[in-house]
Structures are given as structure tokens and as C-alpha cells.
2 protein chains.
Amino acid sequence: MSQTVDRALSILPLLAEGPADLGRVADRLGVHKSTALRLLRTLHEHGLVYRQSDQRYRLGARLISLAQEAMENLDIREIAHPHLVRLNEQCGHTVHLAVHEEDEVLYIDKVESRYPVRMYSRIGKPVAITVAAVAKLLLADLPEPERRARAEQFDYPLYTARSTPNAPAFLRELEKVRDQGWATDLGGHEESINCVGAPIRGADGRVAAAMSVSAPNVVVTADELLTLLPLVRRTADAISGEYSGRTPVTDPAHPDHRSARTPTKDPV
Amino acid sequence: MSQTVDRALSILPLLAEGPADLGRVADRLGVHKSTALRLLRTLHEHGLVYRQSDQRYRLGARLISLAQEAMENLDIREIAHPHLVRLNEQCGHTVHLAVHEEDEVLYIDKVESRYPVRMYSRIGKPVAITVAAVAKLLLADLPEPERRARAEQFDYPLYTARSTPNAPAFLRELEKVRDQGWATDLGGHEESINCVGAPIRGADGRVAAAMSVSAPNVVVTADELLTLLPLVRRTADAISGEYSGRTPVTDPAHPDHRSARTPTKDPV
DNA sequence: ACGTCTGTTGCATCTTCTGCAACGTTCATT
DNA sequence: AATGAACGTTGCAGAAGATGCAACAGACGT
């Protein structure tokens with residue numbers, strides 16, 4: 001809507017690919033160098049972009065701290081965290097929490113597996129939207145026309161032989177997930193990794209987040225993982241209850257559950 | 001430098017305080033509602049801002065994934081991580097890695113304590129710049145005039161009785177840190193928490209990052225923590241060596257050490 | 001010492017952003 | 001049920017600010 005801002009913001013994903021110099025940025029934006037310079041300077045003043053010693057630009061630290069604050073504003077995260085930890089204590093596997101926003105699904109919390117062999121993942125990373133259990137859960141809740149629209153604009157990369165191959169298959173899978181109230185990813189992303197997930201619902205009954213337990217084949221088989229399903233669902237339901245119930249949030253700052261984790265003020 | 005972009009970017013820290021509606025944003029920016037609307041729309045298109053169901057705006061998920069990518073581009077982080085883990089295995093305490101950028105010092109990696117009593121901190125959170133051991137290490141390396149300039153524009157919040165009280169004291173402390181090549185924070189931020197840190201240097205000999213070990217009083221006394229100093233310094237030096245040495249980075253994508261942690265492609 | 005490459009500045013032009021005022025909705029009030 | 005307020009949204013004319021150009025400066029390698 002605003003050309004200047006639009007151009008400036010386009011620089012960010014560009015730099016996310018790696019550091020770039022002025023000329024490169026100008027080229028990619030399709031503008032004159034002097035224009036790119038001014039945009040970069042503005043981004044720099046706000047700390048979103050950093051100029052490293054070789055003069056090239058890369059994403060700045062302010063971006064990281066902003067993202068940090070963004071996550072701390074997510075109520076679901078605060079509420080869910082202790083439940084995720086407890087679940088991890090019970091089963092020992094990696095536990096993820098994810099939300100859906102625009103056309104991304106991303107992990108917003110994670111409790112590491114206590115087994116030596118762990119899967120790789122990172123908070124903030126967008127998930128493989130066509131195969132991940134949490135993605136299926138979140139998309140399955142969308143109204144039918146939107147679900148269809150989304151499904152059709154996705155790519156369907158074949159990570160493994162068991163990846164969802166195309167839109168019709170994906171829509172069928174969503175239908176199934178919607179009916180049964182839980183989802184799996186059995187080697188659809190990484191051959192050797194399986195997940196079981198369940199939805200977390202808000203007060204309006206819509207799916208607000210999704211959680212999953214993941215474990216590599218070498219630790220437990222898919223069948224063994226599936227025996228955890230009741231536990232996962234109970235946990236998800238517990239979070240749903242707390243999230244949709246009278247959330248004890250005194251709005252602007254949430255001193256209650258925040259102080260629960262950090263006894264004094266603004267923690268290190 | 002560019003007014004429009006400047007205004008748009010000012011919205012981000014504003015929303016970091018918590019969700020806000022259009023009127024509020026316009027007020028805080030000092031512009032007309034329609035102007036604010038256009039800016040927000042542009043931010044929205046880029047996913048940096050999200051519109052929640054009550055129509056209020058908050059920071060968007062794209063911000064989180066961008067920050068993620070920003071961190072993954074930091075070579076020091078990749079290199080340091082295994083060393084941090086090893087140090088944690090040896091001493092059991094919380095290990096932090098921090099860098100300095102513009103006027104912030106922030107944690108970019110962390111390995112959790114293996115003791116039940118843990119300190120609270122989070123990757124991406126700016127540190128208390130006047131007291132944290134890592135902050136002292138990073139600032140101590142700046143050229144004298146800049147150090148002085150920075151020191152004078154800081155606030156000196158008295159977190160505890162042992163917090164650095166003012167600029168002269170801080171400058172003296174930096175001098176000391178610079179000479180001895182390591183730093184501490186003994187209850188300067190949280191009464192009961194102590195830290196010991198050491199600098200990580202790049203090929204040019206300048207301090208590129210800093211690491212520290214933190215532990216609460218109830219686990220080990222300050223004196224006991226100080227006995228870890230040689231270990232911490234050895235670790236920092238090992239990282240320095242690897243970082244300043246011939247870093248095996250085939251630039252654009254870093255397939256080498258990335259693939260070391262994730263056997264196949266783009267992990268979950 | 002020369003040439004090339006990259007970043008930087010000042011300026012005139014014109015695109016694009018801004019604020020206004022009017023409209024459409026939604027929600028609370030009477 | 002009707003009225004009013006508050007908020008978000010749109011089109012438009014004027015004005016302010018962004019753009020590209022061309023010329024300069026500085027670094028680097030030859």
C-alpha cells in the first residue's frame with residue numbers, strides 16, 4: 001500500500017538469505033543505489049539492519065529482540081508452557097507448540113527431548129506446512145472454502161515417500177484430522193521421525209494452537225508413539241481449558257503468570 | 001532518513017509493548033488515522049504485523065521467523081554452540097553467548113543449567129548493559145573515546161546494592177576487565193546470581209562475542225564459581241581459535257556446519 | 001600511479017504520501 | 001427499536017518527500 005515502506009521491508013527477507021552489499025540490494029529491489037542506501041539507512045537507524053565490518057548489511061539485533069517481545073505477548077505460550085514441560089517429563093520426547101498466522105505455521109515453543117538422539121527444530125522456524133501434524137491440525141479447523149484455497153496454493157515437496165503428494169490428498173487428510181480430533185506425521189518430513197499432535201481450542205471453540213510430540217524411529221516406533229495419544233490429547237485439552245476459561249490476565253502487562261517464572265522484576 | 005519508513009518502523013517497538021488499535025497507533029505516531037492505517041497495512045502485507053480477531057494489531061509471526069534466520073546467519077553462534085554445550089556438561093551451570101550491536105548487548109545462545117534452580121533468561125533479550133559480565137567484556141574492548149561516550153549515555157539502574165552506580169565506576173570496571181581479560185557480575189543484577197565471563201576474539205584480535213557461566217548462590221558460592229574461571233577462559237579461547245582461524249565457510253549457504261547438525265535438508 | 005568498483009552527496013523533478021472530510025459499521029446507550 | 005458514538009475505511013487535492021541522475025570520494029587491486 002505504501003511504496004516506500006514496501007520497498008524497505010522487502011529488504012529484510014532479502015538480507016535473511018545472507019549479508020548483501022548496497023549494489024546487490026539495489027539490484028534486487030530494482031531501484032537506484034541512492035534509494036537503496038536511504039532505505040537501508042532508515043532500517044539501520046531502527047536497528048533492524050546491521051552493517052558489518054566489510055560494509056555489507058545483514059539483519060540486525062533489534063529484530064531479534066523485537067521477535068522476543070512478540071513471543072512474550074502470546075498468551076497461549078505462557079499458558080501452555082508448564083503443560084508442555086510436564087508432558088515432556090512424562091514421555092521424555094520433544095514437545096512442540098505451534099500457531100497459524102497468515103500463510104505460515106510456526107513453532108512458538110519447544111521442550112527438548114531427554115533422549116540423546118534428538119530431532120532438529122527451532123522456535124520461530126516455519127514448519128513444513130503440508131506434512132507436519134501441527135500444521136494439519138491448524139489448517140483442518142479453517143472453514144472449508146478457505147481450506148481448499150490454501151491447499152491449492154501450496155507446493156507439495158516430496159520430503160519422503162510418505163509426504164503428502166498434492167492438494168486433494170492434503171484436503172482428504174485435513175478432513176480426517178478434523179473428524180478424529182488429532183493428527184500424525186509418520187515420516188512425512190524426515191523418514192525416521194514421527195509425530196502425534198492434538199489441537200488447542202480457544203473460548204470460541206476454534207483451534208488456536210496445536211501441539212505435538214515427536215520422536216525418531218530409533219527411540220520409539222510409530223506404534224509406540226501412538227500409545228501416547230491419550231496423554232497428548234489430555235494435555236492439549238488441559239491447555240484448552242485454561243486458555244478458553246477465565247484467563248487471569250490483567251491486560252496490558254500480565255504480571256501474574258509472568259512473575260510466576262521470574263521472582264523479581266525484568267529478568268536477565 | 002526516509003520519513004515514511006521511519007514512521008512505519010516506529011510502529012514495531014510500539015506494538016512490542018502490547019496490542020494496539022488503529023487510533024492508538026496514530027496517536028503515538030502523531031499522524032492521521034488514515035496514514036497510520038496505510039502504514040499498518042503495508043507492515044501487515046509483509047507479515048510483520050498481525051491483526052487479531054478483536055481488530056487490534058500486534059507483532060506478526062514473520063518477525064519471529066526473520067529473527068530466526070538472522071540468528072542462523074551468525075557464524076559465531078554456529079561455531080560456539082558445541083563448545084558451550086561441552087562447558088555445560090563439565091560444570092552444569094547456565095552458559096550464555098552474547099554479542100554487541102549498536103547500543104544493545106544481547107544473548108544469542110544459551111545452554112540451560114542442569115541444576116533444578118535456574119536463572120531466568122532468554123535468547124534475544126537485551127542484557128543489563130551496565131552490570132552483566134558479557135556486557136563489560138564487549139564494551140571494554142571498544143576504543144577509549146567511544147567507551148567513554150557510551151558509558152555516559154547509559155542509565156545506571158540500581159538493580160541491587162552491588163550494581164554499577166554510575167559512569168565513572170563503570171569506566172573503571174571496564175578498564176579492569178580489559179586488563180585482566182575476564183569479567184564477573186557478582187550479584188549486580190540479581191542479588192543471588194553470580195557470573196564469570198570471558199571474551200571471544202576474531203581474527204583481528206577484537207572482541208567479537210562474550211560468554212559467561214551463571215549460577216545462583218544457592219547452588220555455588222561466588223568463590224566456587226570463580227574456580228571455574230580457567231575452564232571458562234579455555235573454552236572462550238578455543239572458540240576464538242576456531243572463529244578466527246580459517247573458518248570453513250563456503251559463503252552463500254553454509255552447508256558444512258549446518259549439515260553437521262541436520263543430516264538431510266531443511267529440518268523440521 | 002592508474003583505473004575500477006563501491007559507497008556517498010546535492011539537487012531538480014515528479015511520484016507518492018499526507019491530512020481532510022465524508023461514509024459505512026459495529027457496538028453501547030436510551 | 002432507535003439513536004448516538006467510536007472506530008475503521010475510502011477518494012481526493014495539495015504538498016511534502018522520495019526518486020534517479022550525475023558528479024565526487026575513497027578503497028582496492030593491478
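Worth knowing before you read on, the calculation uses all heavy atoms, side chains too, and leaves out hydrogens, waters and symmetry mates. Chain identifiers are assigned alphabetically (A, B, ...) following the order of the sequence lines, protein sequences preceding nucleic acid strands; residue numbering begins at 1 within each chain.
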Going by an N to O cut-off under 4.0 Å, is there a salt bridge joining B/Arg62 and B/Glu45?
no

Can you say whether the rings of A/Phe170 and A/Phe154 are parallel (under 30°), tilted (30 to 60°) or perpendicular (over 60°)?
perpendicular

How many Å lie between [atom1] on [X] and [atom2] on [N], as a whole number?
X       : N      : atom1 : atom2 : answer
B/His32 : C/dA21 : NE2   : P     : 8 Å
B/Arg24 : D/dG8  : CZ    : C1'   : 17 Å
A/Gln52 : C/dT6  : CD    : P     : 16 Å
A/Asp6  : D/dA18 : CG    : C1'   : 14 Å
B/Asp21 : C/dC27 : CG    : P     : 14 Å
A/Gln55 : D/dC28 : CD    : C1'   : 12 Å
A/Lys33 : D/dC21 : NZ    : P     : 11 Å

Should [X] and [Y] count as side-chain neighbours, where that means a heavy-atom distance under 4.5 Å?
X        : Y        : result
B/Arg150 : B/Leu142 : yes
B/Arg28  : B/Arg24  : yes
A/Ile11  : A/Leu48  : no

Stretch residues 36-47 of chain A: residues that reach within less than 4.0 Å of DNA chain C through a heavy atom
A/Leu37, A/Arg41

Give a yes/no answer on whether the side chain of [X] brings an N or O atom under 4.0 Å of OP1 or OP2 in [N].
X       : N      : answer
A/Ser34 : D/dG20 : no
B/Arg7  : C/dT18 : yes
A/Ser2  : C/dC17 : yes

Closest listed nucleotide, where the reference is the side chain of B/Tyr57 and the choices are D/dT9, C/dC17, D/dA18:
D/dT9

Against the side chain of A/Leu22, the closest entry in D/dT9, D/dG20, C/dG7 is C/dG7

Which residue lies more 5' along DNA chain C, comparing A/Met1 with A/Gly23 via nearest heavy atoms
A/Gly23

Please check if atom CZ in A/Arg51 has more than 12 non-hydrogen atoms from other residues, nucleotides or ligands closer than 6.0 Å.
yes

Across the strands shown, which category fits A/Thr4 at heavy-atom distances under 4.0 angstrom: base, sugar-phosphate, nothing?
sugar-phosphate

Intermediate values then yes/no, salt bridge (charged side-chain N to carboxylate O under 4.0 Å, His left out), B/Asp141 and B/Arg206
CA-CA 7 Å; B/Asp141 185 60; B/Arg206 304 243 354 234; 3.1 Å; yes

